[in-house]
Amino acid sequence: MKFIDLLRTAIGNTFRSKARTVLTVIAIFIGAFTLTLTSGIGTGVNDYIDKTVAAFGNDNALFVQKVSEQSTPGSNEGDGPTEYNPDEADVRLGFGSVSGLTDSDIEKIEKIDGVGSVDPMYLVTPKYLESASGKKFKLSLGSPPEADGLQLESGEAPERAKDEILLPASWVEPLGLGSNQDAVGKSVKIAIGNAVDQERTFTAKVSGVSQASLAGPSDNPIPSAGLNKKLYDYQVSGSPRKVPNSYFTATATVDDISKVGAIKSELSDEHMQGRTVEDQLGMFRAVINGIVWILNSFAIIALLAAGFGIVNTLLMSVQERTREIGLMKALGMSGGKVFGLFSLEAIFIGFLGSAIGAAVAVAAGSILSGVLSNGLLSSLPGLSLFLFNPVNIAAIILSVMFIAFLAGTIPAMRAARQDPITALRYE
């Protein structure tokens, strides 16, 4: 009997006892369905994290700050801008209450073995941002972007040499700039005080509108490097003494990312902290992967239970077909082919359950992902909660079929060892 004949016979035998087969397939379906969904969640969220990583910069970038700055409270601009109140405003100058990196710190970073180049960001603390309607909002600026992967709703990243600014999507409506597309090209004013608290406003063109993201890099407006330098130059002007340069952060390019641990250690000795992109987002990835593995463990338990169902189904099938097995062996069918016949039945049951489970999971996940993207997850544009990788789905189906094969070995071996004479006499 050729392989194709064995396969055809195995498929036909699978449906002899439809009730048992259907119940076993349902058990496998549940496990495969769960595995496919959890795999989709892991792929979708990790894909979104990778996009967010791209918005931070290159993989070999190390972001350096003074250790003392870690306790500095951040802004809460994620829900939009906060209206400016001059009686409550806490104006901090570059040489005032905020501790930043100095020129000496930058030189120390540049001298560390393994650091290629260092690009510092000046520490700028504007008073407020003024919209075209005259409303004023508290302003905390983000880092000037250099990454091509910055996630945008419309427009583009600010050009380094121009007086441009990138606004978060949550700021557009409060500023009265219309839609995200309408905001591009319009102007806003940034007010900043100098060393003697003389206020001056600078006009900035809106180059684009940024998306919200998992790590919140788009919570604050982001100026171009040129505008940031211009604001800083005015901020330190008017002082009777020379004001030393102060930088909020510096981006160090690491020649060999494998040496980043040693570089971090040297920075720590100089009271500085360096963080890579993966450091900033690694926690999100670890949490998501942990949740996915926990859910996968439940799916694996379901598949193991389904394996016992396969054993039961095929043992009953062997018992019911004892005389048939004896006849096949009497007619010259080898024990190996009998083993193959029952193994193929197990594999086919595994294939049915896993293929149907994976297909239903992909359909359900795709629909649910679309609903959530327009609902609960609308604040995270670009996030597809379920993203299905064909390779992962194929791996799940093949794994389940392998589990089914292992479960079918005991009944298959029992059938292969049947004595044809004894089997023919079986009632």
Side-chain angles (χ1 to χ4, degrees), residues 63-75 77 81-112 117-131 134-146 158-165 187-205 220-252 267 269-273:
F63 302 92
V64 183
Q65 287 183 311
K66 278 284 191 181
V67 173
S68 58
E69 288 188 11
Q70 302 311 306
S71 59
T72 302
S75 63
E77 319 297 351
T82 303
E83 195 162 346
Y84 173 75
N85 185 339
D87 297 326
E88 298 178 356
D90 178 22
V91 181
R92 298 172 295 173
L93 300 179
F95 51 91
S97 61
V98 176
S99 176
L101 296 168
T102 63
D103 286 329
S104 175
D105 293 324
I106 299 301
E107 290 177 5
K108 291 176 182 177
I109 299 171
E110 290 174 336
K111 290 179 180 178
I112 295 177
S117 61
V118 180
D119 188 12
M121 172 194 170
Y122 288 96
L123 179 60
V124 177
T125 54
K127 287 189 173 183
Y128 58 84
L129 182 146
E130 184 177 348
S131 68
K135 291 190 78 173
K136 300 175 181 178
F137 301 91
K138 292 180 181 179
L139 179 61
S140 178
L141 295 175
S143 301
E146 300 294 340
E159 290 190 28
R160 189 179 186 90
K162 295 183 178 180
D163 293 344
E164 295 183 338
I165 192 168
S187 297
V188 294
K189 293 182 179 180
I190 299 173
I192 190 169
N194 66 1
V196 292
D197 206 24
Q198 293 175 331
E199 185 178 302
R200 179 181 171 185
T201 59
F202 291 80
T203 300
K205 177 184 173 183
N220 300 323
I222 300 176
S224 65
L227 176 60
N228 190 69
K229 178 65 166 62
K230 185 178 291 187
L231 292 171
Y232 179 81
D233 287 341
Y234 181 76
Q235 178 176 271
V236 299
S237 67
S239 174
R241 59 184 174 84
K242 183 179 179 180
V243 179
N245 287 330
S246 182
Y247 308 100
F248 173 67
T249 186
T251 303
L267 289 172
D269 293 339
E270 299 293 342
H271 306 289
M272 290 180 280
Q273 183 184 62

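Closest non-hydrogen pair, Gly193 versus Tyr234, comes out as C-CE2, 4.1 Å. Nearest heavy atom pair, residue His271 against residue Lys66, reads O-CD, 3.8 Å. The two atoms that bring Glu199 and Ala191 nearest to each other are OE2-CB, 4.0 Å, heavy atoms only. Minimum heavy-atom separation, Pro221 to Ser140: CD-O, 3.8 Å. Here the shortest heavy-atom pairing between Ala195 and Gly238 reads CB-C, 4.0 Å. The two residues Ala252 and Ile109 come nearest to each other via the heavy atoms CB-CG2, 4.1 Å.
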**Message:** Run the side chain to side chain contact (heavy atoms under 4.5 Å, CB included) test on Lys162 and Lys205 for me, step by step, so that the C-alpha distance in whole Å, both residues' side-chain angles and the decisive distance to 0.1 Å come before the verdict.
**Reply:** CA-CA 9 Å; Lys162 295 183 178 180; Lys205 177 184 173 183; over 6 Å; no
**Message:** For a side chain to side chain contact (heavy atoms under 4.5 Å, CB included) check, start with the C-alpha distance between Ile106 and Asn245, then their side-chain angles and the critical distance, and finish with the verdict.
**Reply:** CA-CA 10 Å; Ile106 299 301; Asn245 287 330; over 6 Å; no
**Message:** Lys108 vs Asp269, test: salt bridge (charged side-chain N to carboxylate O under 4.0 Å, His left out). Steps then yes/no.
**Reply:** CA-CA 11 Å; Lys108 291 176 182 177; Asp269 293 339; over 6 Å; no
**Message:** One pair to check against side chain to side chain contact (heavy atoms under 4.5 Å, CB included): Asp163 and Thr203. What are the steps and the verdict?
**Reply:** CA-CA 7 Å; Asp163 293 344; Thr203 300; over 6 Å; no
**Request:** Walk me through it: do Phe63 and Met121 pass the test side chain to side chain contact (heavy atoms under 4.5 Å, CB included)?
**Result:** CA-CA 11 Å; Phe63 302 92; Met121 172 194 170; over 6 Å; no
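Between Gln65 and Leu101 there is no side-chain heavy-atom pair separated by less than 4.5 Å. Residues Asn228 and Tyr232 fail the side-chain proximity criterion, which asks for heavy atoms closer than 4.5 Å. Looking only at side-chain heavy atoms (C-beta outward), Val64 and Asp105 stay at 4.5 Å or farther from each other.
Of the inter-residue distances, the one linking Ile190 atom CD1 with Lys230 atom NZ reads 11.0 Å to the nearest 0.5 angstrom. To the nearest 0.5 Å, the span separating CG on Leu227 from CD1 on Ile165 amounts to 6.5 Å. Put simply, CG on Asp233 and CG on Asn194 are 12.0 Å apart, with the number rounded to the nearest 0.5 Å. Leu129 CG to Thr201 OG1: the interatomic distance, rounded to the nearest 0.5 Å, is 11.0 Å. In this structure, the separation between CZ on Phe202 and CG on Leu231 is 6.0 Å, given to the nearest 0.5 Å.
Checked against salt bridge (Lys or Arg N to Asp or Glu O under 4.0 Å), Lys189 has no partners two or more places apart in sequence or in another chain.
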